[in-house]
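This report concerns only the one structure given below.
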Amino acid sequence: MPKASKVLDRVLVLEMVRVTEAAAIAAAKLIGRGDEKAADAAAVEAMREALNGLYMDGTVVIGEGERDEAPMLYIGEKVGSAIGKGPAIDIALDPLEGTTITAKAGPNALAVLAIAEQGCLLNAPDVYMEKMAIGPGYPADLIDLDAPIATTIKKLAKAKGVKAKDIMACVLDRPRHEKLIKELRKLGCGITLIPDGDVAGVIATTNPETGIDIYIGQGGAPEGVLAAAALRCVGGQFKGRLVFRNDDERARARKWGIADLDKQYDLKELARGDCIFAATGVTDGSLLAGVKRQGTRLTTDSVVMRASSGTVRWVKGEHRLG
C-alpha cells in the first residue's frame with residue numbers, strides 16, 4: 001500500500017462522494033431525453049459548483065478538454081475555495097461518463113473523479129488509449145500490450161485454473177475492435193460488448209460478480225487515468241499506451257508533458273502515490289445503481305476508495321428534492 005497522504009487527509013473522503021452525487025443527480029434529470037450535450041452540461045456545472053465549495057487548491061489535470069474547447073472543468077482549470085492557500089490537489093474527472101448511455105437510458109453511466117497529490121496523476125491529453133486491465137490476485141505483469149492476445153488470454157486462463165473458452169472479456173462495441181473481437185471469438189472467449197463507459201468496464205474486472213475477467217481495447221486516455229486510479233485502490237493490473245491519429249494529437253501530448261509517445265504505462269505510472277477515487281451511478285449498472293426518485297426524495301448509490309488504506313466504502317444517499 002502507498003503511504004497515506006497528509007494532503008489528502010485534509011480533503012475528506014466523503015466530500016468526494018458529495019461531488020459525484022451532485023453531478024449524478026443533475027445528469028439523471030435528463031436520462032432518456034435524447035440530449036447528450038444537455039446531460040453533460042448539467043453534470044459539469046453541478047460538479048464544478050461542488051468542487052468550488054471544498055477547501056483546497058485544486059487543479060483539473062483530466063477534464064472536459066482544453067481551455068479553448070470547454071467552458072467548464074477544462075484541463076488546467078483551478079477549483080476549490082482556497083486557491084493559492086489550501087492543499088494542492090490534482091483532479092481527474094468525468095462528470096458524466098456515458099453521455100450517450102444517459103441520453104438513451106442505457107446501463108452503466110457514472111459520475112466519476114479521482115484526486116491525488118500534485119503531480120501524481122498522468123496529465124493525459126484527450127486522445128485514445130490502448131488499454132488492458134485485470135483484477136487483483138494474479139502474477140505480476142500477466143498482461144502486456146505487445147503480446148499476442150491469444151498469449152495473454154491463455155496465461156490468464158492458466159492463472160485462473162480454467163480454459164481459454166471460459167474467459168469473459170469486456171470490449172467497447174466499436175468498428176475499430178472488429179479484429180480483436182474475431183481473435184477472441186476464435187479462442188472461444190465470451191465477450192461483453194459495451195456501448196460506452198469503459199471506466200465501469202475496467203472496474204468490473206475487480207468484481208467477481210460481474211463475470212468479467214479482462215478489459216481490452218481502445219478508449220479515451222482520460223478515462224484510462226480514472227480507471228487506473230480506481231485499480232490503485234482495490235488492486236489489479238493495467239496497461240495503457242496513447243494512440244495518436246495525427247500530428248496535431250502528438251503535438252497536444254507533448255504540450256502536456258508526454259515525452260515518450262510510445263510508452264506502455266502501468267498502473268503506478270498513471271496514478272502514483274495515495275489517491276482517492278469516487279463514483280456515483282447515474283443509470284443502473286454492474287457497479288452501482290442509478291439515481292432513483294422515491295416520492296419527495298432521491299436515492300443515490302456511490303463508491304469511494306482510497307489507495308493508502310485499500311478501503312472501499314459503499315455509500316447509499318437519500319436527498320430531499322428542493
Side-chain angles (χ1 to χ4, degrees), residues 1-27 41-67 70-97 110-124 126 199 222-223 225-233 256-257 268 270-280 300 302-313 315 317 319:
M1 290 290 179
K3 183 179 179 180
S5 164
K6 292 183 179 179
V7 172
L8 296 191
D9 286 342
R10 297 182 65 183
V11 180
L12 297 176
V13 170
L14 288 179
E15 293 291 352
M16 296 301 103
V17 173
R18 293 187 182 100
V19 173
T20 56
E21 283 177 342
I25 288 170
V44 167
E45 183 57 37
M47 182 172 280
R48 186 172 191 255
E49 183 177 351
L51 286 169
N52 280 330
L54 299 181
Y55 184 84
M56 66 177 179
D57 179 1
T59 303
V60 177
V61 297
I62 298 289
E64 291 282 290
E66 297 174 26
R67 182 170 187 168
M72 296 172 290
L73 292 175
Y74 54 83
I75 297 171
E77 182 173 356
K78 303 293 289 186
V79 293
S81 65
I83 295 172
K85 58 182 179 180
I89 302 290
D90 278 357
I91 306 167
L93 53 83
D94 193 340
L96 182 56
E97 209 247 339
L110 301 171
V112 297
L113 67 79
I115 65 171
E117 287 188 72
Q118 197 170 48
C120 287
L121 297 175
L122 181 73
N123 201 342
D126 190 11
V199 172
E223 290 83 357
V225 176
L226 280 161
L231 289 190
R232 282 297 319 285
C233 299
W256 293 110
K268 293 181 180 180
L270 293 169
R272 295 186 291 109
D274 193 8
C275 56
I276 295 171
F277 173 89
T280 299
T300 55
S302 305
V303 62
V304 60
M305 318 170 183
R306 186 166 185 178
S308 62
S309 62
T311 303
V312 178
R313 291 181 173 90
V315 182
H319 312 264

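Remember, predicted model here, so these are calculated numbers, not experimental data.
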Check [X] against [Y] and note the closest heavy-atom contact, atom names and distance.
X      : Y      : answer
Tyr55  : Gly86  : CE2-CA, 3.9 Å
Asn123 : Ile62  : C-CD1, 4.5 Å
Asp94  : Glu223 : OD2-OE2, 3.5 Å
Leu121 : Ala271 : CD2-CB, 3.9 Å
Leu226 : Val199 : CB-CG2, 4.3 Å
Ala111 : Ala24  : CB-N, 3.9 Å

Taking side chain to side chain contact (heavy atoms under 4.5 Å, CB included) as the test, write out the residues that go with [X], two or more places apart.
X      : answer
Cys120 : Ala116, Glu117, Arg272
Ala41  : none
Ala43  : Ala23, Ala27, Pro95, Leu96
Glu49  : none

side-chain hydrogen bond (donor to acceptor under 3.5 Å, both in side chains) with [X]: which residues, sequence neighbours excluded?
X     : answer
Asp57 : Lys78
Thr20 : Thr280
Glu45 : none
Ser81 : none

Met56 vs Ile91, side chain to side chain contact (heavy atoms under 4.5 Å, CB included): CA-CA, chis, key distance, verdict
CA-CA 11 Å; Met56 66 177 179; Ile91 306 167; 3.6 Å; yes

Can you measure from [atom1] ([X]) to [atom2] ([Y]) and round to the nearest 0.5 angstrom?
X      : Y      : atom1 : atom2 : result
Thr59  : Gln118 : OG1   : CD    : 6.0 Å
Arg306 : Thr311 : CZ    : OG1   : 8.5 Å
Ile115 : Met16  : CD1   : CE    : 4.0 Å
Cys275 : Met305 : SG    : CE    : 10.5 Å

If only atom types and distance count, is the side chain of Asp274 paired as donor or acceptor with the main-chain N or O of Pro2 below 3.5 Å?
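The answer is no, because no donor-acceptor pair under 3.5 Å joins these two groups.
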
For Arg18, is there an ion pair with Glu21 - N to carboxylate O distance below 4.0 angstrom?
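Looking at Arg18 together with Glu21, the answer is no, because their closest N to O distance does not fall below 4.0 Å.
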
Contact check, side chains of [X] and [Y], non-hydrogen atoms, under 4.5 Å:
X      : Y      : value
Val60  : Tyr74  : no
Asp126 : Pro222 : yes
Leu93  : Leu51  : yes

